[in-house]
Amino acid sequence: MAPEVGLSRSTFAKLSPHPYLLANLEPSDDSIPPARSNGRAPFEVRKPTVNLSSLSHAHGSALVRTGDTTVICGIRAETILTDHIPNYRASNTQTELADYDLLVPNIELATGSAPQFLPGGPPTTLAQTLSTKIYTLLHSSKLLRAEDLRIWHNRPAEASFADEEEGAQESEEKEGEKYVVAYWVLYIDLFFISFDGNPFDAAWAATVAALRDTKLPQARYDPDREMILCSRKNPKPLAVESMPISCTAVIFTGKETKDQPADGKFWLLADPDTLEESLCDETVTIVIDCTGGSRKILSISKHGGTVMTAKLLTSKEFLDWASKRWEDFASAITGSQ
Amino acid sequence: MADRRRVNGPGSSTLPPVYDDGELDAALRRQRAPDAIRPLYLKTGVTPSASGSAYLEIEPREGEHGSGMKLTCTVHGPRSLPRSAPFSPYMVLSTHVKFAPFATKQRRGYLRDSSEKDLSTHLETALRGALIADRWPKSGVDVVVTIIEGESTRQDAVERRVEEWDVMNVLGGCITVASAAIADAGIDCVDTVSGGVAALVASKDGKDASIVLDPVALEHESILAACCVAYLPNRDEVTNLWFKGQLPSPASCNHQSLVSRAVQASRGTHGLISASLSEAIGSTQN
């Protein structure tokens with residue numbers, strides 16, 4: 001180790017972060033293994049820890065911590081009568097979740113989780129992007145089944161006044177027929193307690209963990225009061241069988257300008273922290289689900305830069321890394337149940 | 001007009017679940033002695049990127065799961081004020097108190113409501129008296145308290161309108177956690193301020209009034225008055241005092257005794273802050 005001259009490590013990192021990270025990844029001395037500025041190997045991730053059911057007011061909750069990123073997710077269920085849904089169609093049994101907006105994820109970063117996120121203003125672009133990404137992925141991954149959110153009611157057998165006035169049409173309906181009277185709406189609120197890079201992976205893992213933890217109360221419709229009544233006994237858990245996990249990596253090219261040659265050297269840094277995120281333009285996020293032994297890719301998104309090729313994205317190493325990360329998260333989530 | 005920057009959910013309003021069967025555990029009475037405060041857990045340094053941070057958990061009741069209070073606080077600064085800000089010879093303190101949407105029985109929105117603004121103002125006065133603001137001219141400090149879990153879990157809390165008393169406890173918690181976070185940030189203070197609450201409780205018909213420390217509204221038939229103080233133990237000074245309620249006229253106890261009991265509660269809390277902070281110092285030195 002060279003004697004310390006001039007600047008300390010942390011000062012160097014602040015003054016010129018780019019060469020600092022490069023020097024760490026490409027040590028001048030061969031005896032030192034390349035590492036990132038946070039001491040991790042390029043593909044090394046921060047181990048996630050998950051805590052379930054820590055909130056008593058929410059129907060389901062999870063706290064996920066990866067390194068210095070901590071996010072808490074609380075899920076609250078509220079009911080909405082189908083009469084109050086403007087575009088309600090009884091025949092729609094396929095796209096209820098999206099059509100009626102039954103899932104409401106929101107991310108709050110402005111808890112002072114990092115110096116750049118202070119309360120007082122509207123949600124930042126990052127918070128809006130994250131909320132939208134979670135929203136999209138919730139729907140596209142088909143994590144939840146609409147039937148878990150339906151509240152059924154048996155139409156009473158006796159004819160009401162309305163039937164007599166309106167004539168044959170309604171009385172033709174089968175007596176004692178079962179129909180959906182209301183839906184549960186899940187408000188999924190994610191609060192960042194501490195922010196140190198890679199918010200999406202942590203937020204998504206917290207969402208999945210909290211949904212698996214969610215228990216909805218038994219509900220029934222009271223026609224006299226025209227409202228939903230619930231019972232405290234035997235809450236029913238949501239059926240969440242799949243476990244999609246998001247894995248993010250950034251690409252560090254060692255250059256500060258974007259116009260790099262195509263054959264340039266690059267490093268894939270898994271699970272980036274704030275410093276690395278600020279230095280890299282190219283991000284790749286893969287959402288996979290290895291439940292039941294088979295590897296299913298739910299989404300791949302890649303932004304900025306041109307380094308990551310299709311070949312690399314489908315390479316065995318990359319997918320194996322993602323599977324390994326899935327196992328980390330899956331065991332953390334199921335282990336805490 | 002809905003906020004387009006958030007995911008708003010269904011257009012028409014949704015209802016929180018209404019339960020028609022009673023609470024699972026109906027009768028709850030205070031088990032603690034009248035002058036005992038609930039156990040607390042305080043940890044500093046939960047948000048490494050902030051200058052200072054703290055997490056406070058107030059345990060619900062002995063041996064019971066759930067409820068209680070959970071708060072986090074982050075302190076950012078002192079840092080230079082934006083160019084547009086006018087010159088200030090003192091440190092500019094700004095406080096934000098926010099309930100998480102899942103913190104209380106009723107879901108709260110993301111916009112700050114009046115009770116949160118009120119709490120922020122109280123917290124600001126409480127801290128301002130403790131900070132040595134003239135050591136940091138032209139700089140600003142942001143204190144952000146997030147209430148992850150507030151009190152009044154139970155349905156009858158809403159029905160009996162006792163939430164207004166819980167605000168006192170929340171403020172006491174906010175003061176304590178913010179004080180620990182400021183100490184963690186290393187901002188000069190004359191003393192660590194701590195919050196304490198005392199209340200005058202009575203049975204249903206208003207008889208047998210007595211003063212208890214750290215009241216949980218649900219454990220009492222009725223609360224006549226409550227008082228929350230922010231107190232500096234080493235200087236014996238009160239930086240913020242919030243008193244509400246009505247004292248019965250043939251007062252066996254007056255305002256002063258209620259305030260002094262609240263001070264006693266904050267003395268108890270102060271012991272905990274010091275213990276937690278010295279523990280944090282000890283762990284960094286080793």
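Note that the coordinates shown come from a computational prediction; the quantities given were computed from them, not determined experimentally. Below, read A as the first sequence line, B as the second, and so on, with proteins coming before strands; counting in each chain starts at 1.
Using bins of under 30°, 30° to 60° and over 60° for the plane-to-plane angle, the ring pair B:Phe102/A:Phe191 lands in the perpendicular bin.
Of the atoms belonging to B:Thr74, it is side-chain heavy atoms, and not backbone ones, that fall under 4.5 Å from chain A. In this structure, the portion of B:Arg79 lying under 4.5 Å from any heavy atom of chain A is its side chain and not its backbone. Using a 4.5 Å cut-off between heavy atoms, A:Thr79 contacts chain B through both its backbone and its side chain. Only the side chain of A:Leu118 comes within less than 4.5 Å of a heavy atom of chain B; its backbone N, CA, C and O stay farther away. Looking at B:Ser53, neither its backbone nor its side chain comes within 4.5 Å of chain A, counting heavy atoms on both sides. Both the backbone and the side chain of B:Ile148 come within contact range of chain A, each with at least one heavy atom under 4.5 Å from a heavy atom of that chain. At a 4.5 Å heavy-atom cutoff, the contact between A:Phe195 and chain B is made by backbone atoms alone. Interface remark: A:Pro105 contributes backbone and side-chain atoms alike to the contact with chain B (heavy atom separation under 4.5 Å). Contact of A:Asp189 with chain B is made through backbone and side chain together, with heavy-atom distances under 4.5 Å. With a 4.5 angstrom heavy-atom cutoff, A:Ala182 does not touch chain B via any of its atoms.
Counting all heavy atoms, side chain and backbone alike, B:Arg6 lies closest to A:Pro123 at NH2-CD, 3.4 Å. Here the shortest heavy-atom pairing between A:Leu55 and B:Glu149 reads CA-OE1, 3.2 Å. Minimum interatomic distance between B:Ser49 and A:Ser113 (heavy atoms only, all atoms of both residues): OG-O, 3.1 Å.
We find the OG1-CD1 distance between A:Thr111 and B:Ile147 to be 13.0 Å, quoted to the nearest 0.5 Å. Rounding to the nearest 0.5 angstrom, the gap separating the CZ atom in B:Arg5 from the OG1 atom in A:Thr125 is 10.5 Å.
Checked by atom type and distance alone, the side chain of B:Thr47 never pairs as donor or acceptor with a backbone atom of A:Ala114 at under 3.5 Å. In this structure a side-chain-to-backbone donor-acceptor pair under 3.5 Å is missing from B:Lys98 to A:Ala110. The main-chain N or O of B:Tyr110 is never found under 3.5 Å from a side-chain atom of A:Glu108 such that the two would form a donor-acceptor pair. Judged by distance alone, with hydrogens and angles left aside, the side-chain atoms of A:Arg76 form a donor-acceptor pair with the main-chain N or O of B:Pro101 at under 3.5 Å. A side-chain donor-acceptor contact under 3.5 Å links B:His76 to the backbone of A:Gly112. Of the possible donor and acceptor atoms, one in the side chain of B:Ser12 sits under 3.5 Å from a partner among the backbone N and O of A:His84. Formation of a donor-acceptor pair under 3.5 Å by the A:His57 side chain with backbone atoms of B:Gly150 is found in this model.
Counting heavy atoms from C-beta on, the side chains of B:Pro10 and A:Val104 come closer than 4.5 Å.
Among A:Cys230, A:Ala77, A:Gly74, the residue making the largest number of heavy-atom pairs under 4.5 Å with chain B is A:Cys230. When the candidates A:Gly120, A:Pro119, A:Pro122 are compared by the number of heavy-atom contacts under 4.5 Å with chain B, A:Pro119 comes out ahead.
Looking at A:Arg220 and B:Asp20, a side-chain N of the basic residue comes within less than 4.0 Å of a carboxylate O on the acidic one, giving a salt bridge.
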Exercise for the section: Could you walk me through whether A:Ile193 and B:Tyr55 pass the side chain to side chain contact (heavy atoms under 4.5 Å, CB included) test, one step at a time? Expected result: CA-CA 10 Å; A:Ile193 305 295; B:Tyr55 169 79; over 6 Å; no
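Close approach to chain B, defined as a heavy atom under 4.5 Å from one of its heavy atoms, is seen in A:Gln128, A:Ser131, A:Tyr135 of residues 127-148 of chain A, taken by number.
Heavy atoms from other residues, nucleotides or ligands lying under 6.0 Å from CZ of A:Arg65 number 12 at most.
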